[in-house]
Amino acid sequence: MAPRRRTTRTRTLTALLAPALALGATVGLASAPAQAAVWNTCDQWGNTTLNGYTLYNNIWGSGAGSQCVWANSGTNWGVWADHPNTGGIKSYPNAKKVIDKPISALSSLTSSYDVTVPSSGAYNTSYDIWDTDYDYEIMLWVNYNGAVGPLGTSQGTVSLGGHTWNVYKGNNGANEVFSFLRTSDSDSGTVNILPILKWIKDTKGWMGNETIGDVQFGYEITSSAGGLVPPLGPDALTFP
């Protein structure tokens with residue numbers, strides 16, 4: 001399972017990958033599909049493994065409301081969430097792959113995504129990448145809505161991996177956090193993650209040759225009062 005997330009972001013703010021393989025997901029803050037799902041849960045820590053992906057409901061923040069995850073496969077899943085309009089991250093429903101390779105050993109780390117998101121609520125849709133020791137967290141926000149914001153201070157803007165990002169660097173007391181916020185929202189596209197990791201490691205010197213562990217994709221939800229219904233999904237992620 002992914003580590004429980006930090007609670008110290010400057011305002012309030014939520015993904016999946018693997019090298020040389022496919023990583024996909026239909027993700028959404030949405031009601032269950034019309035057809036019966038293969039798996040669903042409303043349990044706080046409910047999780048399962050489907051098609052090589054670990055799906056995790058992950059309601060970890062204080063003051064959370066109700067949330068349920070459904071899945072047709074490891075790459076086709078969605079979320080229904082009803083969290084109050086209060087500050088603080090409530091949950092990070094996600095799907096993940098485990099990479100378990102040092103950055104220098106990676107020849108590719110690419111993902112494509114295709115998400116539908118609601119116009120209400122406060123959330124971000126993001127990749128969350130961890131080293132195996134959980135000393136470093138790299139977040140890639142592909143879209144975000146409402147009163148959410150990254151931890152740390154601005155480090156400027158950089159174009160990497162096929163996108164242009166506003167970069168933030170911070171520490172939550174347990175680990176370093178590097179947040180890359182796409183300069184405009186994107187519901188679909190491809191991210192080449194390896195150049196981002198190499199930029200952090202080689203260009204900035206913010207970390208060494210870390211072994212990349214969990215690569216997640218999901219929704220980091222702060223509020224979704226009344227329950228967010230379609231659209232909030234689908235999402236597709238693939239790794240070559």
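Note that the numbering runs from 1 along the sequence shown for the chain.
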Next on the checklist: Heavy-atom count check: over 12 atoms from other residues, nucleotides or ligands less than 6.0 Å from Lys198 NZ?
Outcome noted: no
Checklist entry - What are the two closest non-hydrogen atoms of Ser62 and Lys90, and how far apart are they? => result O-CD, 3.4 Å
Checklist entry - With ring centroids as reference points, do Trp199 and Trp206 lie under 6.0 angstrom apart? => result yes
Next on the checklist: As a quick check of understanding, evaluate side-chain contact (heavy atoms from CB on, under 4.5 Å) for Val191 and His163, giving each step before the final call.
Outcome noted: CA-CA 7 Å; Val191 181; His163 303 263; 3.5 Å; yes
Checklist entry - Going from CD1 on Ile196 to CG on Leu160, what distance comes out if it is rounded to the nearest 0.5 angstrom? => result 6.0 Å
Checklist entry - Asn58 side chain to Tyr56 main-chain N or O, any donor-acceptor pair under 3.5 Å? => result no
Item to check | Tyr113 versus Asp187, side-chain donor and acceptor atoms under 3.5 Å | outcome: no
Checklist entry - Just by distance, do the side chain of Asn145 and the backbone of Gly121 share a donor-acceptor pair under 3.5 Å? => result yes
Checklist entry - Quick one: does Trp141's side chain get under 4.5 Å of Leu181's, heavy atoms only? => result yes
Next on the checklist: Using the side-chain hydrogen bond (donor to acceptor under 3.5 Å, both in side chains) criterion, which residues pair with Thr183? Sequence neighbours excluded.
Outcome noted: none
Item to check | Check: Gly173 main-chain N/O paired with Asn171 side-chain donor or acceptor under 3.5 Å | outcome: yes
Next on the checklist: Closer than 3.5 angstrom, by distance alone: can the side chain of Thr54 be matched with the main-chain N or O of Thr49 as a donor-acceptor pair?
Outcome noted: no
Checklist outcome for this item: With sequence neighbours left out, the residues meeting side-chain hydrogen bond (donor to acceptor under 3.5 Å, both in side chains) with Gln155 are Thr153
Checklist entry - Ignoring hydrogens and geometry, is there a side-chain-to-backbone donor-acceptor pair from Asn47 to Trp45 under 3.5 Å? => result yes
